[in-house]
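What follows is one structure encoded as structure tokens, with my remarks underneath.
Note that the structure is a prediction, hence the values are computed from the model and not measured. Sequence lines set the chain letters: A, B, ... in the order given, protein chains first and strands last, and positions in each chain run from 1.
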Protein chains: 2
Amino acid sequence: MAQRKTLQGNACPVARSVDVMGDRWALLIVRDAFDGLRRFGEFQRSLGMAKNILADRLRKLVAQGILETSPGADGSAYQDYALTAKGQALFPVIVGLRQWGEQNLFAPGEPHSVLKERSSGAPVPALVVRAQDGRALAPVMTWVEKLPGSTDST
Amino acid sequence: MAQRKTLQGNACPVARSVDVMGDRWALLIVRDAFDGLRRFGEFQRSLGMAKNILADRLRKLVAQGILETSPGADGSAYQDYALTAKGQALFPVIVGLRQWGEQNLFAPGEPHSVLKERSSGAPVPALVVRAQDGRALAPVMTWVEKLPGSTDST
DNA sequence: CCGTATCCATTCCGATACTG
DNA sequence: CAGTATCGGAATGGATACGG
């Protein structure tokens with residue numbers, strides 16, 4: 001009865017995105033993946049979450065094509081988890097949340113973490129760029145052409 | 001025991017934002033508020049959600065300073081809900097989710113809704129701008145100066 | 001070290017009935 | 001119309017214990 005209402009099939013792209021990413025952990029896992037985290041244990045320590053639900057979220061993110069597994073960069077028999085192109089495309093969302101939080105959820109002068117520099121040599125290029133000097137990445141609005149296939153309302 | 005772990009106090013701005021906005025409905029309510037929705041019933045019809053949890057979410061969003069109530073623009077004795085400046089600052093996040101959804105959650109050519117034009121004359125200026133011609137708003141990355149009070153790591 | 005499985009409490013959410 | 005009250009089912013999340 002109290003079936004959870006799926007928002008897929010909804011005509012609004014925001015609704016579909018929320019359906020996929022709108023939970024407590026998905027976005028934080030993706031954030032950590034942008035920071036270069038790859039291993040189960042790294043995510044688990046970083047997020048301090050129970051292993052069973054981490055496993056569940058990783059599975060869902062892989063099923064959604066946001067993360068993909070590879071056979072373990074070091075010798076270990078286990079998986080590495082890395083962002084796909086679809087996952088990397090979430091970068092503006094992460095940055096948007098980061099900046100909103102910085103500007104609205106911190107007391108003036110209260111210290112906060114910054115975008116982390118990649119530790120290994122893998123993809124995620126957008127983030128690496130920041131490292132050398134003190135500048136940070138910010139989303140701004142710009143004009144683009146109308147997108148095809150649009151209908152109206154909600 | 002299974003106390004929900006609060007992410008406030010976390011040094012990462014993304015975590016704090018997720019703690020506030022990372023649930024199924026908060027972002028969709030804010031999206032509707034950007035579309036000009038103001039009344040309880042409007043949100044309820046638009047989102048198709050149960051009235052009790054809508055009431056709960058509206059209360060929490062007001063408590064967070066994201067929405068604010070005013071005594072009802074028409075005669076009615078009830079509340080209007082409108083975005084505060086803090087709520088309007090979520091605009092890049094909404095747009096980011098929208099675009100990610102458009103590009104990654106829709107089949108090629110599948111129709112989707114577009115940003116709705118404001119119906120009344122209230123604030124939310126950023127969205128109104130779009131109406132006249134066919135252009136849409138998109139987030140892009142740009143460089144900004146280093147933000148003050150930053151420490152390191154997640 | 002990487003997960004899976006089990007258990008349990010809490011929270012979420014939908015349906016409905018009810019009040020003013 | 002704008003909520004509140006209550007209910008029950010489902011999902012979430014934490015704490016282990018366990019096996020590869």
(message) Any side-chain to backbone donor/acceptor pair from B:Asp32 onto B:Asp35? Under 3.5 Å, distance only.
(response) no
(request) Rounded off to whole Å, could you give me the CZ-to-P distance for the B:Arg24 and D:dA10 pair? (result) 16 Å
(request) May I ask you to check if A:Arg39 and A:Tyr81 form a cation-pi contact, with NZ or CZ under 6.0 angstrom from the six-membered ring centre and within 45° of the axis? (result) no
(request) Under 4.0 Å from any atom of DNA chain C, heavy atoms only: list the residues of residues 52-65 of chain A that qualify, in numerical order. (result) A:Asn52, A:Ala55, A:Arg59
(request) Give a yes or no on whether a salt bridge exists between B:Arg38 and B:Glu42, defined as a side-chain N under 4.0 angstrom from a carboxylate O. (result) no
(request) Rounded off to whole Å, could you give me the CE-to-P distance for the A:Met49 and D:dA11 pair? (result) 17 Å
(message) Please evaluate residues A:Val62 and A:Thr69 with respect to the criterion side chain to side chain contact (heavy atoms under 4.5 Å, CB included), reporting the C-alpha separation (whole Å), side-chain torsions for both, the decisive distance (0.1 Å), and the verdict.
(response) CA-CA 7 Å; A:Val62 170; A:Thr69 57; 4.1 Å; yes
(message) Can you confirm if the aromatic rings of B:Phe91 and B:Phe34 lie within a centre distance of less than 6.0 Å?
(response) yes
(message) Test your reading of the model: is there a side-chain donor-acceptor pair from A:Arg16 to the backbone of A:Asn10, 3.5 Å cut-off?
(response) yes
(message) In whole Å, I'd like the distance from the CZ atom of A:Phe40 to the C1' atom of C:dC2.
(response) 7 Å
(request) Could you tell me whether a side-chain N or O of A:Asp19 sits under 3.5 Å from a main-chain N or O of A:Ala15, the two making a donor and an acceptor? (result) no
(request) Go ahead and write out DNA chain C as dot-bracket, 5' to 3': ( ) for pairs within the strand, [ ] for ones crossing earlier pairs, | when the partner sits on another strand, dots for unpaired; Watson-Crick or G-U wobble, both distances under 3.5 Å. (result) |.||||||||||||||||||
(request) Check whether any side-chain N or O of B:Tyr81 sits under 4.0 Å from OP1 or OP2 of D:dG3, and answer yes or no. (result) yes
(request) Round to a whole Å and report the spacing from CD of A:Gln44 to C1' of D:dG14. (result) 11 Å
(request) Give a yes/no on whether any side-chain N or O of B:Arg39 is located under 4.0 angstrom from OP1 or OP2 of D:dC1. (result) no
(message) Expressed as a whole number of angstroms, how long is the span from A:Lys51:NZ to D:dC18:P?
(response) 13 Å
(message) Working note: B:Leu27 + B:Leu97, criterion side chain to side chain contact (heavy atoms under 4.5 Å, CB included); need CA distance, chi angles, decisive distance, verdict.
(response) CA-CA 10 Å; B:Leu27 279 166; B:Leu97 282 171; 3.7 Å; yes
(request) Provide, to the nearest angstrom, the distance between the CG atom belonging to A:Leu47 and the P atom belonging to D:dG14. (result) 10 Å
(request) Find the distance B:Arg45:CZ to D:dG3:P and express it as a whole number of Å. (result) 13 Å
(message) Can you tell me how far apart CZ (B:Arg45) and CG (B:Leu54) are? Round to the nearest 0.5 Å.
(response) 11.0 Å
(message) Rounded to whole Å, how long is the line connecting atom CD of B:Gln79 with atom P of D:dA2?
(response) 11 Å
